[in-house]
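The following block contains the structure, expressed as structure tokens.
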Amino acid sequence: MRIVFAGTPEVAVPSLQALIASSHEVVGVITRPDAVSGRGRKVMRSPVGRLADEHSLEVITPQRLSEPEVDDVLRRWAPDCGAVVAYGGLVPPGLLDLPQHGWINLHFSVLPAWRGAAPVQAAIAAGDEVTGASTFRLEKGLDTGPVFGVLTETIRPTDTSGDLLARLADAGSGLLLSTLDGLEAGELAPEPQPTTGVSHAPKVEVDDARVRWDLPAHIIDRLIRAYTPAPGPWTSLDEARIKVGPVSVVASTEDPGLPDAVRDGALAPGVLAVTKKAVFVGTGSQPVTLGTVQPPGKKPMPAADWARGARLTDGTVLR
């Protein structure tokens, strides 16, 4: 089939790679406009755009798919089907029926669970044990279209959203390819989504990723892993915003090597207990051990190195 591919970030790259290597013909690629990124504030092509350029595919980068030029280009490309993976924009109603087989979206959840922009973050934050990916036909509703195929993936106890997304992107590329193969062969028909079990995963904003130390430790652990690497969990020390990496929940306070405040259960939410090898933080339940810390303008570092360099002492408060 003639395929137009719409995608933007790194998680969409495996799917485009799979399509390029397949028997289908990728006739064009749609990706988000080049954006300023990094410390040097350089204008950067999206990961999908870079891969398309490497294979000499025609690429368009509209601000919105509703622009008239997009309709003109799509009609010239004459795709049999559109494939969408983490594009970052809505396909307008006027374009939904332009390809013969419509637009097939690879979504990183088992629909109808976690419809929306941040399904992987939502699954980890909720403490789900299993998630997955679905291919479905786009329609006017948000992730409501009928489903072609599903795969499942176990959420590991230490998974960040970055870890889990990487696995789902690789496995999902095969699911997308098999869906397109089935459509071409006329052997695949979508099934309506169940009306029960619907949940929503809106985009996670930077303010949502601020760590609330008054929450129970297991919730803090989930939220930090869910928001790593994006948008990046953070906390405040005085007026400075500090990024934090995954934490470890202190399972037992009977270890004689632990600081007194940790063993006595006297560490209030956000309050630090500092040793040469570790930094502990009080929560709404048991303490946690900080993993990596990234002060403003610096690279991530082990929490003990950060505390030593900043000369932090017991009783310092994160807010």
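Model, not experiment: these values are computed from the prediction.
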Shared hydrophobic cluster, Leu19 / Tyr87 (ILVMFWY, side-chain heavy atoms < 4.5 Å):
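Looking at the clustering, Tyr87 is in a separate group from Leu19.
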Judged by modelled atom types alone, do Gln63 and Arg32 share a side-chain donor-acceptor pair under 3.5 Å?
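No.
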Say whether Trp213 and Val250 are linked into one hydrophobic cluster, either directly or through other cluster members, by side-chain heavy-atom distances under 4.5 angstrom.
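As far as the 4.5 Å side-chain criterion goes, Val250 and Trp213 are not connected within one cluster.
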In chain order, what residues pass the side-chain hydrogen bond (donor to acceptor under 3.5 Å, both in side chains) check against Ser178, with sequence neighbours excluded?
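Partners of Ser178 under the side-chain hydrogen bond (donor to acceptor under 3.5 Å, both in side chains) test: none.
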For Thr61 and Thr31, test the side chains for any donor-to-acceptor distance below 3.5 angstrom and give the result as yes or no.
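No, no side-chain donor-acceptor pair sits under 3.5 Å.
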Please list all pairs meeting side chain to side chain donor-acceptor pair (under 3.5 Å) that have one or both residues in residues 138-148, counting only residues at least two apart or in different chains.
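Non-adjacent pairs meeting side chain to side chain donor-acceptor pair (under 3.5 Å): Glu139-Thr144.
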Do the side chains of Met1 and Phe148 join up, straight or via other hydrophobic residues, at under 4.5 Å, putting them in one cluster?
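Looking at the clustering, Phe148 is in the same group as Met1.
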Between Trp234 and Gln294, is there a side-chain donor-acceptor contact under 3.5 Å, judged purely by atom types and distance?
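No - no donor-acceptor pair under 3.5 Å links their side chains.
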Can any side-chain N or O of Thr154 pair as donor or acceptor with the backbone N or O of Val130 at less than 3.5 Å?
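Not confirmed, Thr154 side chain does not pair with Val130 backbone.
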Establish, from distance only, whether the side-chain atoms of Thr160 and Thr228 form a donor-acceptor pair under 3.5 Å.
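Note: Thr160 and Thr228 side chains miss the donor-acceptor criterion.
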Distance-only donor-acceptor check, side chains Asp181 and His24, under 3.5 Å
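On atom types as modelled, these side chains qualify, holding a pair under 3.5 Å.
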Residues which pass side chain to side chain contact (heavy atoms under 4.5 Å, CB included) with Asp71, listed by chain and number, not counting sequence neighbours
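Residues passing side chain to side chain contact (heavy atoms under 4.5 Å, CB included) with Asp71: Arg75, Leu95, Leu98.
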Just checking Glu254: does its CD atom have more than 12 heavy atoms from other residues, nucleotides or ligands closer to it than 6.0 angstrom?
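Not buried by this count: 12 neighbours or fewer within 6.0 Å.
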Would Thr179 and Thr135 satisfy side-chain hydrogen bond (donor to acceptor under 3.5 Å, both in side chains), going step by step from the backbone distance to the final call?
CA-CA 7 Å; Thr179 298; Thr135 49; 2.9 Å; yes
Does any N or O in the side chain of Gln121 come within less than 3.5 Å of the main-chain N or O of Tyr227, such that one atom is a donor and the other an acceptor?
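Judged by distance alone, no pair lies under 3.5 Å.
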Using only atom types and a distance under 3.5 Å, with no angle test, would you say the side chain of Thr235 pairs donor to acceptor with the backbone of Arg319?
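Side chain of Thr235 to backbone of Arg319: a pair is present.
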